[in-house]
Amino acid sequence: MTARYNGKGSWEEWQKEWAMEDRYNFRTIEKKWQKIWEDEKTYKVEIDNNKEKFYALVEFPYPSGQGLHVGHPRSYTALDIVSRKKRMQGYNVLYPMGFDAFGLPAENYAIKTGIHPAISTAENIKVYTRQLKSLGFSFDWDRCVDTSSPEYYKWTQWMFIKFFEKGMAYKDKISINWCPHCKIGLANEEVINGNHCERCGGEVVKKEKEQWMIAITKYADRLIDDLDTVDFIERVKAQQINWIGRSEGAELDFGLALKNGDTVGGKKLTVFTTRPDTAFGVTYMVLAPEHPYVEELMAKFENPEEIKEYIKTSKNKSDLDRTISEEKTGIELKGIKAKNPYSNELIPVFISDYVLMGYGTGAIMAVPAHDQRDYDFAKAFNLPIIPVLEGGDISKEAHEGEGAHINSGFLNGMNKENGMAAAIKYAKEHGFGTAKVNFKLRDWVFSRQRYWGEPIPMVNCPVCGWVPLKEHELPLTLPEVKDYLPSDDGESPLAKAKDWVNTTCPKCGCPAKRETDTMPNWAGSSWYFLRYADPHNDEAFASKEALDYWMNVDWYNGGMEHTTLHLLYSRFWHKFLYDCGLVNTSEPYKKRTSHGMILGSNGEKMSKSRGNVINPDDIVANYGADSFRLYEMFMGPFDQVVDWNEESLNGVYRFIGRVYGLFNKVYKMEPTRDDLRAMHKCIIEVTERVDSMKFNTAVSSFMTYVNYLSSLNKIPAELYAALLKLMSPFTPHFAEEMWARLGYNSSVVTEAWPVGDAKLAEDDTVTIAVQVNGKMRGTLEAPKNASNDEVEKLALSLDVVKKHIGGNTLKKVIVVPNKIINIVA
RNA sequence: GGGGGCGUGGCGGAAUGGUAGACGCGGUUGACUCAAAAUCAAUUGUCCACAAGACUUGGGAGUUCGAGUCUCCCCGCCCCUACCA
């Protein structure tokens, strides 16, 4: 071990050369090391079959005009620490970064300024890259991807064609959010305050449009079931399960009858219910206003005008209004009745917007006694409420019931479970129903009437229908257009590029038209982790060799806000590729964790309008990247929301300064037993805490250790060197600099991670807490692993113990070795 | 309505059922300074002049020799989601 003096020249010269500046000059030092890492490609990684791989992934940013947010580095620093530590532990670590570069802001900016999104996006990427590099992350920049580059989206398009070929992509008419003023389709995120356009503030309406859909619902079961095979934090799993919303029940056919008893063209009304056992309590039926029967049977109704009027008003109601309004509205479909297949009773049929076309069959059997929504409707329309489950008080509200069925014919006396089974069995036997599983999850609407996205590589041929492009025709690049506004009828801006739209059918050669919609934002990010494995491949999205070596992602960290969209989409996408034999694992991510948001110092979300935005550039300029990184790890538990606090930031800044100052006390000398104890404690703690994401307490361990080092007059170099190694994942620039000053020619980031020795970390004597009748009365010093008798003897000799026992006799003595003794008297 | 999370000093927060408040911020006092900043040292949960002692993890009950931690009930806050039948 060479400490302080590297042997070249005299000791005096050495000291002079490294004459300590009063203050740690992070500005020059951080730049210096960033340049060295970049020049030497320190973090470049290649396949190495002799080494175990580790793939750490963070969500790549959308390069907005705002620049990097202080929230980004929280996640990036955490996995940078994990990656750096893994590297030091001998793993071959892939820690990549890229840009999710298609998106609305660039397009809206283009509409305003006429600047091509590709140009503004490239500018933004430059800014982001500079900012990310200024923070010293150990990304392999040679693997950087950009989802908006044709080299990348060629493969996104290629994969879309796979979806189409396997029957997973189809066209369907669905309603979208449409702003009549801006003449533009809006994403859900762009609809604000219930039903207002984010851009103009005007009202948004629903509009039917043909859209490409992807059949994610076919994977619903596997997306739930396979969560058992991965290590995701519980709240992520719970949210995904909830979002997919699997519910088991039955589909039942109710008969329909005209007043005179005739059937209604043989039509049956099919409903989905999770409680078929309550069917005897059905007192009416409800259809969604959009239910096809309403239109089809209009001629049979006695009150078509009323019905049409109701449909019209409910169509114009925003989702928010539909949700928030407490009062139930609806219209009876007069002239027809439904026949309950269990009781054979005839009951009225209504339409109401509390029933949604998008879930189940768009029709329900109403059991007002046991469903609050049905109850409210029944009260409003004066319909009978028949309890079929024991318990509760239906004069006040609907209840879930407990115990046996009542008023339920052959189900009477059965509990819920048996009732369900019997009801379904009966329905099956009588041919009017069957068990059925339903999902909340809808198929993925994959079309956007936008410019700045991947063109959908499909051609509509009058002869062949929808035909995908041939592989050699990919990528289908975005055409130049004069302006980026959608056309008046809501067609994508691409529709204006006539030369581009008009093409020939790849199959038959007839004149045909290209699809002008583009893909949603989520497309490129659904598979980017695969591209990182082999980012420059132009023969495949990634080579089999690269995928075999690097997949799966070992640890993926990202925001909770991506749990139900990006994370679910990418799992689905990966499973689809797996089924096509294109990847070799059915799940992409082994482990998923999530960081908490960083709020402004006022406890509110950071935003321009609130004026509480912190710019990472300012922090790096004033405190340095290392302080910034260390602060973001120290500020609170990694998975929880925290407020930004500049004073705490100053605390870690001072801490780094203190460690810097300690260098003056470092000497080449043998460590004492106490020294080794402190060192090994720190090694063990930091190692454990990084692995378990307790970054804040890992930093505390440094501080405790440094407090110990500060108490020494002279610090053995070994102790300081160990500290630098442990700190290097957190504060890499600082660690590199001090490592060099210790006299090493090597880079500390390539050193081996220290291994803690539990024996050496142990204390010789322990402080044992002494309780009398469960109350703390003092402590005593005992040798490590003293016997219970010994500890008891020591405790009983304490005055304070004698005092509290008084004249009582001992009933019980509990000794927890090395921890506590409790004397019960 | 459903799902998830949280509640500990002035503040951020530590605590495998075993000394509550680690570590940091802030405060107080002192040293250095003409002075301030920076730095260093001491101190800092509350009540009490001090000591002794008592109290203390949103509230209440319970399990236990022992509860911030486990169980039940209640209160409050945050996030996601939502007439999902």
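Given the structure is predicted, the values throughout are model-derived calculations rather than measurements. Residue numbering restarts at 1 for every chain, and letters A, B, ... go by the order of the sequence lines.
Using a cut-off of 4.0 Å between Lys/Arg side-chain N and Asp/Glu carboxylate O, D221(A) and R246(A) are scored as salt-bridged. D763(A) has a carboxylate O that lies under 4.0 Å from a charged side-chain N of K681(A), or vice versa, which qualifies the two as a salt bridge. For the pair R74(A) and E632(A), the salt-bridge criterion is not met [side-chain N within less than 4.0 Å of a carboxylate O]. Using a 4.0 Å cut-off between charged side-chain N and carboxylate O, D376(A) and R373(A) make no salt bridge.
To the nearest 0.5 Å, atom CG of residue L630(A) and atom CE of residue M703(A) are 6.0 Å apart. Within the model, atoms CD1 of I347(A) and CZ of F254(A) stand 5.5 Å from one another, a figure rounded to the nearest 0.5 Å.
To the nearest angstrom, P of rU81(B) lies 10 Å from CE of M560(A). Rounded to whole Å, the distance from NE2 on H562(A) to P on rU81(B) is 12 Å. The separation between D374(A) atom CG and rC83(B) atom P is 15 Å, rounded to whole Å. Protein atom CG of D799(A) is 12 Å distant from nucleotide atom P of rG53(B), rounded to whole Å. For L649(A) and rC23(B), the CG to P distance is 21 Å, given to the nearest whole Å. Distance, F655(A) CZ to rC40(B) C1': 17 Å, rounded to whole Å. A straight line from CD1 of I598(A) to C1' of rG12(B) spans 13 Å, rounded to a whole angstrom. Remark: C1' of rC83(B) and CZ of F350(A) are 17 Å apart, rounded to the nearest angstrom.
With rA85(B), rG4(B), rG53(B) as the candidates, the nucleotide lying closest to the side chain of A238(A) is rG4(B). In the set rA85(B), rC83(B), rC23(B), the nucleotide with an atom closest to the side chain of Y354(A) is rC83(B). Of the candidate nucleotides rC23(B), rA52(B), rG3(B), rC23(B) has the atom lying nearest to any side-chain atom of F634(A).
At the heavy-atom level, N707(A) lies under 4.0 Å from the strands shown only through sugar-phosphate atoms. Looking at heavy-atom distances under 4.0 Å, R373(A) makes contact with a base. Residue-level contact check: R246(A) touches neither bases nor backbone, having no heavy atom under 4.0 Å from any strand. Counting non-hydrogen atoms under 4.0 angstrom, K775(A) reaches the backbone sugars and phosphates but no base.
Under 4.0 angstrom from either OP1 or OP2 of rG26(B) there lies no side-chain N or O belonging to N645(A). Listed pair R777(A) / rG53(B) fails the phosphate criterion, with no side-chain N or O lying under 4.0 Å from OP1 or OP2. The phosphate of rA38(B) has neither OP1 nor OP2 within less than 4.0 Å of any side-chain N or O from R658(A).
Of the candidates R235(A), R571(A), R592(A), R571(A) is the only one forming a side-chain hydrogen bond (donor to acceptor under 3.5 Å, both in side chains) with Q240(A).
For rG9(B), the O4'-C1' to base torsion is within 90° of 0; the nucleotide is therefore syn.
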### Task
Using Watson-Crick or G-U wobble pairs with both distances under 3.5 Å, give me RNA chain B in dot-bracket, 5' to 3', with [ ] for crossers and | for pairs to another strand.
(((((((..(((.....[....)))((((((.......))))))(((.....)))..(((((..]....))))))))))))....
### Task
Could you run through nucleotides 13-20 of chain B and give me one letter per nucleotide, 5' to 3': B if any protein heavy atom sits under 4.0 Å from the base, S if only the sugar-phosphate is that close, - if neither?
SS-B-BBS
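Remark: the K811(A) side chain and the rC65(B) base include no donor-acceptor N/O pair separated by less than 3.5 Å.
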